[in-house]
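First the structure, in the form of structure tokens, and then the observations on it.
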Amino acid sequence: MSIIGSVRAWLRECPLIDRHNRFNTGYLGNLSTEYSVSVAGVQHSCDITGMGIDEYNLVFQARLPYGVALQENLSAAELFGELSRWIMAQERAHKYPALPGYECTRITTANSGMITQAGADTAVYQLQIKLIAEESN
């Protein structure tokens with residue numbers, strides 16, 4: 001499994017993400033509730049022993065109901081706040097994604113619930129995730 005596939009599977013374990021909704025990698029469709037995770041960039045480096053250290057910048061996106069109804073907008077904001085807290089709880093417990101050939105050593109979040117696109121009925125929200133992984137022996 002790829003790094004992005006492993007992160008997707010790990011996020012799928014979060015009880016906040018409805019397993020009945022579509023969850024893609026690198027693609028977000030136009031259904032009223034849909035998720036996607038993609039790689040926004042990777043920085044490669046090596047430690048003093050020559051082992052690789054990769055820093056992945058990931059973007060989790062969700063298309064969710066949006067509009068003049070305040071409750072829908074509040075629900076989306078709460079989902080992203082809770083998702084960010086879930087990821088931080090996984091960090092504290094060292095419950096990381098199982099990465100092929102690497103060991104995750106840290107995961108953090110930023111910009112939780114930022115709207116990147118809005119229409120009359122749905123909006124696209126995003127959460128930025130940084131994952132640091134060290135090459136396994």
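Index from 1, following the sequence.
Residues D54 and Y102 bring a donor and an acceptor atom of their side chains to less than 3.5 Å of each other.
Looking at every heavy atom in both residues, G67 comes nearest to N73 through O-ND2, 2.8 Å. The shortest heavy-atom contact between H44 and V42 is CE1-CG1, 3.4 Å. Residues M88 and T108 come closest through the heavy atom pair CE-CA, 3.4 Å.
Chaining together hydrophobic side chains whose heavy atoms lie under 4.5 Å apart leaves Y27 on its own. Taking Ile, Leu, Val, Met, Phe, Trp and Tyr as members and joining any whose side-chain heavy atoms lie under 4.5 Å apart, directly or through other members, M51 forms no hydrophobic cluster with any other residue. Clustering of Ile, Leu, Val, Met, Phe, Trp and Tyr side chains at separations under 4.5 Å leaves V59 isolated, with no partner residue. When hydrophobic residues (I, L, V, M, F, W, Y) are linked wherever their side-chain heavy atoms come within less than 4.5 Å, V68 remains an isolated member.
Residues that satisfy the side-chain contact (heavy atoms from CB on, under 4.5 Å) test with Q90, not counting sequence neighbours, are W10, W86, K95. With sequence neighbours left out, the salt bridge (Lys or Arg N to Asp or Glu O under 4.0 Å) criterion links R106 to E91. Qualifying ring pair (Phe, Tyr, Trp, His ring centres under 6.0 Å) partners for F23, counting only residues two or more places apart in sequence or in other chains: Y35, F60. Under the side-chain contact (heavy atoms from CB on, under 4.5 Å) criterion, S2 pairs with I4, sequence neighbours left out. Residues satisfying the ring pair (Phe, Tyr, Trp, His ring centres under 6.0 Å) criterion with Y96, sequence neighbours excluded, are H94.
Using a 4.5 Å cut-off on side-chain heavy atoms (C-beta onward), V37 and L11 make contact. Considering only heavy atoms from C-beta on, T33 comes within 4.5 Å of P65 through its side chain. Using a 4.5 Å cut-off on side-chain heavy atoms (C-beta onward), S38 and T25 make no contact.
Residue pairs meeting the salt bridge (charged side-chain N to carboxylate O under 4.0 Å, His left out) criterion with at least one member in residues 71-88, sequence neighbours excluded, do not occur. Residue pairs meeting the salt bridge (charged side-chain N to carboxylate O under 4.0 Å, His left out) criterion with at least one partner in residues 6-31, sequence neighbours excluded, do not occur; the list is empty.
In terms of modelled atom types and a separation under 3.5 Å, the side chain of S112 and the main chain of F80 share a donor-acceptor contact. The backbone N or O of A98 lies less than 3.5 Å from a partner atom in the side chain of S6, making a donor-acceptor pair. Looking only at distances, no side-chain donor or acceptor of E134 sits under 3.5 Å from a matching main-chain atom of E103.
Taken from OH in Y56 to SG in C104, the straight-line distance is 10.5 Å, to the nearest 0.5 Å. Summarising the geometry, atom CG belonging to D47 is positioned 4.5 Å from atom CD1 belonging to I53; distances are rounded to the nearest 0.5 Å. One distance of note links CG of L99 with CD of E135; it measures 12.5 Å at 0.5 Å rounding. Rounding to the nearest 0.5 Å places CG of L74 at 4.0 Å from CG of L70. Interatomic distance, CG of L31 versus CG of L64, reported as 11.5 Å (0.5 Å rounding). Expressed to the nearest 0.5 Å, how far CG of N21 lies from OG of S32 amounts to 7.5 Å.
Clustering ILVMFWY residues whenever any of their side-chain heavy atoms sit less than 4.5 angstrom apart, transitively, puts L28 in a cluster other than the one holding V39.
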Using distance only, find each side-chain donor-acceptor pair of residues 119-133 under 3.5 Å and give its atom names and separation, not counting sequence neighbours.
residue	atom	partner	partner atom	Å
T122	OG1	R63	NH1	3.2
Q128	OE1	N111	ND2	2.7
K130	NZ	E55	OE2	3.2

